[in-house]
Enquirer: 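My questions all concern the structure below.
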Amino acid sequence: MKNITILYFAALREATGKDQETYATTAAELYAELQQRYAFPAVPLRVAQNHVFCDWHATLADQDTIAFIPPVAGG
């Protein structure tokens, strides 16, 4: 079984009440599962695998760290 650590930031951290947790799957499937579990927004996000931006359909490996990056606004 894959052991994938997910890091939560900003609104996603607020939605889960957690800084991180562990799951296993592809990034797209993983976000869909979490979206149902925590009512995450269906907004365009970036995904990073092991601290590098990656494609949503990249295959995740054991011990990967995944971060979902929501859109940000600055001023």
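The first residue of the sequence shown is numbered 1, and numbering continues consecutively from there.
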Enquirer: Looking only at heavy atoms, what is the nearest atom pair of Leu12 and Pro41, with distance?
Expert: CD2-CD, 3.9 Å
Enquirer: Side chains of Ile69 and Phe53: closer than 4.5 Å at any heavy-atom pair?
Expert: yes
Enquirer: How about Ile6 and Gln20: do any of their side-chain heavy atoms sit closer than 4.5 Å?
Expert: no
Enquirer: Can you name the nearest heavy-atom pair linking Cys54 to Gln49, along with the distance?
Expert: SG-CB, 3.6 Å
Enquirer: Measure across Glu21 and Arg37 and return the closest heavy-atom pair with its distance rounded to 0.1 Å.
Expert: OE1-NH1, 4.5 Å
Enquirer: Going hydrophobic residue to hydrophobic residue with side-chain gaps under 4.5 angstrom, can you get from Ile66 over to Tyr38?
Expert: yes
Enquirer: Answer yes if Leu7 and Trp56 sit in the same cluster of Ile, Leu, Val, Met, Phe, Trp and Tyr residues linked by side chain heavy atoms under 4.5 Å apart, and no otherwise.
Expert: no
Enquirer: Side-chain contact, heavy-atom cut-off 4.5 Å: Asn50 with Thr65?
Expert: yes
Enquirer: Let me confirm one number: the CG-NE2 distance from Asp64 to His51, rounded to the nearest 0.5 Å.
Expert: 10.0 Å
Enquirer: Specify the closest pair of heavy atoms between Phe9 and Phe68, including all atoms of both residues, with the distance to one decimal.
Expert: CD1-O, 4.5 Å
Enquirer: So which heavy atom on Val47 is nearest to which on Ala27, and how close?
Expert: CG2-CB, 3.8 Å
